[in-house]
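Since the structure is predicted, the reported quantities are computational estimates derived from the model, not experimental observations.
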Amino acid sequence: MSEQTRHDHQAELPAEKRLAANPTASNWERETLEKLVFATVRERRAARRWGIFFKLGFLILGIVALLTYFDSTFGLGGDENLGRHTALIEINGEIEAEGSGAADTVIPSLNKAFSDPGSAAVVLRIDSPGGSPVQAGIIVDEIARLRRGYPDKPLYVVVDEICASGGYYVASAADRIFVNKASIVGSVGVLMDSFGFTGTMDKLGVERRLMTAGEHKGFLDPFSPQSDKHKAHAQAMLNEIHQQFITVVRAGRGKRLKETEDTFSGLYWSGAKAVEMGLADGYGTVDTVARDIVKAEDIVDYTAHEGLPERVLKKFGASVGNGAVSATLRGAVPQLR
């Protein structure tokens, strides 16, 4: 076979056989083939990884959607007949713009509980040291409206560990308040707390450069001296809010309240003492109130619980910035605690 014929014959063979038939040939064909093979493998692996990633993403979204669907479908507020029952709403923690004590959380639950034809009474279980007079006031106003709209449906409060300040502000709007003899109740007062750093700044040689438009725009600035005028203004505002608190308590408790000079002083008492003073009506739990007072032992929880998407977002820090700002400014506004 001539050299040309052999060359033409080898050209017709696959690349692997040509390399085997001519071991002395250049390695460039082998190297090129290996590069093509490895590139193909890498591309397939990348495609496989992206495929897995997107599948997992869609799976997670599907799970979240299903959980949200079942939560909304089988949760309260539907058209199902729950029968005669005691409606329960819980407030745990501070009365503030977020959480179980927020007006935006409590009010929808109150509306569902009162409007449900099967609820014989509404029980508000409170475990709160207090908080925002604004949030507490909004809740109290809504309770008053609902009690006018549903005069035959009583509202009871059951106190767990503590019901003080803003918590008691809300509780005082109920028909009756039940406590444990060791519960903490009362603290009918208002405070506004912050810090002053002017002395420290003087010692360190730090100069405060605050520029404002408006004579009192730097009111309560912790890095500026507190003037007598600012102090008097803040005290007048606290006294006004305190009087609002007192008015709500007197209206809610009526003749049951046995007022003394300490009743509205900001002090708090044990549950046993609170019953003596007329700040509470007796001892009880959610179960005993439902069984012995309402006569409807079946208890249905109307508390608005945080959904899965919100919990996931908060877990990954979506609300960190807002929380930091709230913590920084909290001392600069009146608090019922």
Side-chain angles (χ1 to χ4, degrees), residues 76-77 81-93 95 100-101 105-130 136 139-140 142-186 248-249 251-258 268-305:
L76 294 173
N81 185 4
L82 298 173
R84 190 174 185 274
H85 61 273
T86 298
L88 172 65
I89 301 170
E90 295 186 338
I91 295 179
N92 293 305
I95 310 293
S100 67
T105 302
V106 176
I107 288 176
S109 299
L110 286 170
N111 278 277
K112 287 181 181 179
F114 272 96
S115 63
D116 193 308
S119 63
V122 179
V123 174
L124 191 59
R125 179 159 60 189
I126 299 178
D127 187 2
S128 172
I139 295 171
V140 166
E142 183 65 13
I143 288 175
R145 186 190 71 83
L146 289 169
R147 290 183 64 188
R148 290 193 300 269
Y150 300 90
D152 297 328
K153 191 167 294 189
L155 172 69
Y156 302 123
V157 162
V158 172
V159 177
D160 278 351
E161 299 289 338
I162 182 171
C163 182
S165 288
Y168 189 74
Y169 194 119
V170 174
S172 63
D175 290 278
R176 297 168 72 182
I177 301 174
F178 297 92
V179 299
N180 181 275
K181 61 181 179 295
S183 299
I184 300 299
V185 181
V248 169
V249 173
R253 300 303 299 163
K255 295 181 179 180
R256 292 170 293 178
L257 187 64
K258 301 176 178 65
Y268 48 82
W269 297 270
S270 67
K273 187 65 176 177
V275 173
E276 288 182 21
M277 298 174 64
L279 292 169
D281 298 284
Y283 306 131
T285 65
V286 171
D287 290 328
T288 60
V289 170
R291 182 186 65 238
D292 303 331
I293 307 299
V294 184
K295 308 296 184 183
E297 293 189 50
D298 291 336
I299 300 170
V300 177
D301 190 354
Y302 286 76
T303 308
H305 296 286

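Remark: the Thr285 side chain and the Asp287 side chain contain no N/O donor-acceptor pair separated by less than 3.5 Å.
Scanning all heavy atoms of the two residues, the minimum distance from Val106 to Ser100 falls at CG2-O, 3.2 Å. Nearest heavy-atom pair across Ile177 and Ala171 is CD1-O, 3.5 Å. For Pro129 against Ser165, the heavy-atom pair with the smallest separation is O-CB, 3.9 Å. Between Ala173 and Val140, the shortest heavy-atom distance links the atoms CB-CG1, 4.1 Å. In terms of heavy-atom proximity, Cys163 sits nearest to Ile126 at SG-CG2, 4.0 Å. Between Ala120 and Ala296, the shortest heavy-atom distance links the atoms CB-CB, 4.4 Å.
With a 6.0 Å radius and a threshold of 12 heavy atoms from other residues, nucleotides or ligands, Lys181 has its NZ atom at or below the threshold. Heavy-atom contacts from other residues, nucleotides or ligands closer than 6.0 Å to CZ of Phe114 number more than 12.
Legend: side chain to side chain donor-acceptor pair (under 3.5 Å) pairs involving residues 145-160, not counting sequence neighbours, sorted by first then second residue: Asn111-Arg145, Ser119-Lys153, Glu142-Arg145, Arg147-Asp175.
At distances below 3.5 Å, not a single donor-acceptor pair connects side-chain atoms of Arg256 with backbone N or O atoms of Asp281. Ser183 places no side-chain N or O within 3.5 Å of a backbone atom of Gly271 that could act as its donor or acceptor partner. Arg176 places no side-chain N or O within donor-acceptor distance of the main-chain N or O of Gly282, the cut-off being under 3.5 Å.
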Derivation and outcome, side-chain contact (heavy atoms from CB on, under 4.5 Å), residues Met277 and Val185: CA-CA 11 Å; Met277 298 174 64; Val185 181; over 6 Å; no
side-chain contact (heavy atoms from CB on, under 4.5 Å) between Leu124 and Leu155, worked out: CA-CA 7 Å; Leu124 191 59; Leu155 172 69; 4.3 Å; yes
Residue pair Ile162, Tyr268: steps toward the side-chain contact (heavy atoms from CB on, under 4.5 Å) verdict: CA-CA 10 Å; Ile162 182 171; Tyr268 48 82; over 6 Å; no
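Distance CG/Leu279 to CZ/Arg253: 7.0 Å, rounded to 0.5 Å. In this structure, the separation between OG1 on Thr105 and CD1 on Ile95 is 10.5 Å, given to the nearest 0.5 Å. Taking OG of Ser109 as the reference point, atom CD1 of Ile139 lies at 10.0 Å (rounded to 0.5 Å). Distance check: Lys112 NZ to Ile89 CD1 gives 10.0 Å after rounding to the nearest 0.5 Å. Residue Phe178 holds its CZ atom at 7.5 Å from OG1 of Thr288, rounded to the nearest 0.5 Å. The CG atom of Leu110 lies 5.5 Å from the CD1 atom of Ile143; values are rounded to the nearest 0.5 Å.
Taking the side chain as every heavy atom from C-beta outward, Tyr168 and Ser172 approach each other to under 4.5 Å. Side-chain atoms of Val157 and Val159, non-hydrogen and from C-beta on, do get closer than 4.5 Å to each other.
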